[in-house]
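The next block holds one structure in the form of structure tokens; read it before the comments.
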Protein chains: 2
Amino acid sequence: MSRSDPEASLQDEAARAGWMYYVGGKTQDQIATELGVSRQRAQRLVSRAMTDGLVHVRLEHKIAACLVLEAELTRRFGLCEVRVAPSLGDGGDPTRAIAGVGAGLMEKYLRRTEPLIMALGTGRALRACADEMLPITAEQHRIVSLIGNIAPDGSASFYDVIIRISDRVRAPHFPMPVPVISDTAAERAMFQRLRPAQIVFDLAKAADVTFVGVGQMGDDAPLLLDGFVSAPDLAEMQALGATGEIAGWVFDAQGKYIETCLSDRLGSARLEPNRPAPVIGIAAGLRKVRALKAALEGHIINGLVTDEATAQALLI
Amino acid sequence: MSRSDPEASLQDEAARAGWMYYVGGKTQDQIATELGVSRQRAQRLVSRAMTDGLVHVRLEHKIAACLVLEAELTRRFGLCEVRVAPSLGDGGDPTRAIAGVGAGLMEKYLRRTEPLIMALGTGRALRACADEMLPITAEQHRIVSLIGNIAPDGSASFYDVIIRISDRVRAPHFPMPVPVISDTAAERAMFQRLRPAQIVFDLAKAADVTFVGVGQMGDDAPLLLDGFVSAPDLAEMQALGATGEIAGWVFDAQGKYIETCLSDRLGSARLEPNRPAPVIGIAAGLRKVRALKAALEGHIINGLVTDEATAQALLI
DNA sequence: TCATGTTCTGGGCATATGCTCAAACACCGA
DNA sequence: TCGGTGTTTGAGCATATGCCCAGAACATGA
């Protein structure tokens with residue numbers, strides 16, 4: 001006990017404080033007294049338990065208004081799987097709202113008894129879902145990434161959701177061993193010919209269920225913010241009618257893929273329209289409405305996890 | 001929308017308020033403004049969301065001290081499954097502490113892919129666990145009750161955990177169609193000869209995993225508080241060395257079952273010692289230590305869900 | 001219709017909480 | 001040993017929260 005890892009023991013203390021606060025319903029004063037620390041420290045521990053993701057909160061009630069929206073979306077776009085999370089209102093982060101709901105849906109698939117292949121794209125919302133998942137053992141399934149996991153500097157890509165999910169889900173997982181974006185078309189071709197990459201591509205194509213983020217292509221496009229394209233490149237794409245993007249593959253307002261300067265260097269698998277298996281888009285926020293609508297109408301995705309406000313906007 | 005169930009729409013509103021508060025991290029003031037109600041009403045809605053069990057909080061971190069206790073208990077009593085929840089400290093209700101942990105363990109078994117039979121006893125702690133379980137579909141399993149579900153007044157017994165669990169777990173479940181306690185030995189014999197009762201008894205005997213509460217036999221015995229035995233009956237049992245009780249079957253300090261005035265009228269299945277499959281006791285509180293120790297040493301149970309303080313006391 | 005009991009609402013207040021800021025502290029290289 | 005640098009700590013304060021209570025709204029039954 002005398003020389004344990006200070007970081008770990010801090011987490012321990014935070015977990016204990018968070019436990020007493022959230023589960024036990026004690027005040028921070030009481031916790032401070034019982035743990036023998038100052039009230040301020042207790043406050044920091046409780047807050048750390050939350051920010052470190054030690055505490056998970058889920059709501060057990062389907063709000064009627066959300067159920068109505070789910071039914072509407074299913075009918076309107078012919079979807080196979082829809083979840084609408086209640087909006088968090090004006091200041092709320094919509095990603096936050098859908099994370100728990102999306103995590104629950106992913107868990108639902110992972111709890112299936114028959115083995116299945118789950119493919120994962122990228123995006124902040126998808127990452128948030130991964131972080132909200134409860135630990136689960138699902139050895140019978142295989143989890144495969146749609147996007148390359150080699151970042152420009154050679155390290156494992158920060159954007160690869162599969163890395164995050166592998167902490168919580170005990171299942172065989174298959175990162176895509178190619179660069180997110182290659183420098184040249186030739187380099188991509190070289191990587192894609194490699195046998196390991198082929199295996200992962202084939203798995204992705206055969207996925208029984210796919211979860212992807214959906215990016216908008218406005219001036220706040222995730223592709224731009226994350227440095228995958230330059231502002232002039234983005235402007236060029238916009239001129240070509242770029243409306244949305246899934247795993248880096250850009251499509252127009254009808255959900256038809258368009259050729260861009262990325263097309264021949266992108267390491268990710270492209271989701272072809274009208275896949276028979278569920279392809280579930282996870283995205284929320286009014287800025288994403290156009291992109292989502294295009295992906296839905298182009299049948300690139302046939303499932304949706306979003307929030308109330310976005311759902312409403314999609315149905316206008 | 002104009003004439004919906006007022007109770008349901010209240011829950012809806014509570015759920016929404018709870019969602020914004022716990023997931024969105026908003027203040028009750030903001031929520032009040034957005035929902036167009038007074039701050040006090042928002043406060044009541046949030047608090048209702050919690051008391052109605054709409055909000056579920058779980059902690060994602062194994063505190064080192066608890067892991068140590070789990071290892072110790074496993075070694076000392078030769079157990080197959082142990083969970084130790086952090087104590088909630090002085091004023092905390094130990095049942096509260098173990099409910100989430102126990103629920104997680106039950107879920108773990110229900111997530112198994114191969115079909116299994118889960119048997120359930122009774123007790124407040126077990127009931128609290130059932131209430132904390134997340135909804136799950138587990139059609140492949142069968143859930144069977146160890147205790148009779150016919151209350152003295154003929155209604156379904158309040159003490160039957162299986163009723164509560166069936167709200168959340170979609171799985172075939174088998175209540176035990178006999179009285180909790182029959183008036184006479186003859187009546188019990190009559191019920192037990194019935195074919196439906198036989199089926200359930202056989203299932204219980206074949207259970208792949210069993211969860212039971214463990215009752216103490218002091219003057220605060222659950223059997224007394226719940227009106228199953230009178231104070232004189234209890235005193236008589238105590239004189240015979242009664243130390244603990246599982247599903248109404250009383251055992252002494254060595255964990256050997258003893259004959260009591262209940263023995264020939266009790267409708268529940270008796271768990272015989274040294275079962276090969278997991279039999280997991282769920283109980284916490286220092287008053288239960290003697291009963292738990294007896295059940296463990298008599299090998300009636302071979303698994304345990306308890307809290308830190310109780311675990312420590314067991315190891316003395 | 002009105003009296004009556006019950007539930008619900010919002011004001012006010014004591015207390016809990018989160019945040020800021022300056023002091024203390026540990027760590028590290030010279 | 002010293003001074004710099006970054007992190008942690010505890011005091012104080014503005015604000016949020018929980019709870020009590022009086023009054024309003026509502027349902028009930030004569």
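Since the structure is predicted, the reported quantities are computational estimates derived from the model, not experimental observations.
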Quick check: does any side chain N or O of B:E70 sit under 3.5 Å from a backbone N or O of B:V84, one acting as donor and the other as acceptor?
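Yes: the side chain of B:E70 pairs with the backbone of B:V84.
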Sidechain-backbone polar pair: B:Q30 side chain, B:T27 backbone, donor-acceptor under 3.5 Å:
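Pair found, side chain donor or acceptor close to backbone of B:T27.
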Examine D:dG10: is either OP1 or OP2 under 4.0 Å from a nitrogen or oxygen in the side chain of A:S38? Give yes or no.
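So the side chain of A:S38 is within the cut-off, an N or O lying under 4.0 Å from OP1 or OP2 of D:dG10.
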Has B:Q43 got a side-chain N or O lying under 4.0 Å from the OP1 or OP2 atom of D:dG18?
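Yes, because at least one side-chain N or O of B:Q43 sits under 4.0 Å from OP1 or OP2 of D:dG18.
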Axial bend angle, the helix from C:dT1-D:dA30 to C:dA30-D:dT1: five-pair end segments, nearest 10°:
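Rounded value for the end-axis angle: 30°.
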In whole Å, I'd like the distance from the [atom1] atom of [X] to the [atom2] atom of [N].
{"X": "A:Q28", "N": "D:dT17", "atom1": "CD", "atom2": "C1'", "answer": "12 Å"}
{"X": "B:D29", "N": "D:dA14", "atom1": "CG", "atom2": "C1'", "answer": "14 Å"}
{"X": "B:R41", "N": "D:dG18", "atom1": "CZ", "atom2": "P", "answer": "16 Å"}

Run the side chain to side chain contact (heavy atoms under 4.5 Å, CB included) test against [X] and tell me which residues pass, sequence neighbours left out.
{"X": "A:A284", "result": "A:P94, A:I98, A:T306, A:D307, A:T310"}
{"X": "B:R75", "result": "B:E72"}
{"X": "B:T137", "result": "B:E139, B:R170"}

Under the salt bridge (Lys or Arg N to Asp or Glu O under 4.0 Å) rule, collect the residues that match up with A:D183, sequence neighbours excluded.
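None.
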A:R41: salt bridge (Lys or Arg N to Asp or Glu O under 4.0 Å) partners, not counting sequence neighbours:
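Residues passing salt bridge (Lys or Arg N to Asp or Glu O under 4.0 Å) with A:R41: A:E13.
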Taking side-chain hydrogen bond (donor to acceptor under 3.5 Å, both in side chains) as the test, write out the residues that go with [X], two or more places apart.
{"X": "A:D29", "result": "none"}
{"X": "B:D131", "result": "B:R164"}
{"X": "A:E107", "result": "A:R58"}
{"X": "B:Q312", "result": "none"}

I'd like a list of close polar pairs between nucleotides 20-23 of chain D and the protein, N/O only, cut-off under 3.5 Å.
none

5' to 3' on DNA chain C, which nucleotides open and close the contacts with chain B (atom under 4.0 Å from a heavy atom)?
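Boundary nucleotides touching chain B, in 5' to 3' order, are C:dT9 to C:dG12.
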For A:R39, which contact category applies under a 4.0 Å heavy-atom criterion: base, sugar-phosphate, or nothing?
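Contact class for A:R39: base.
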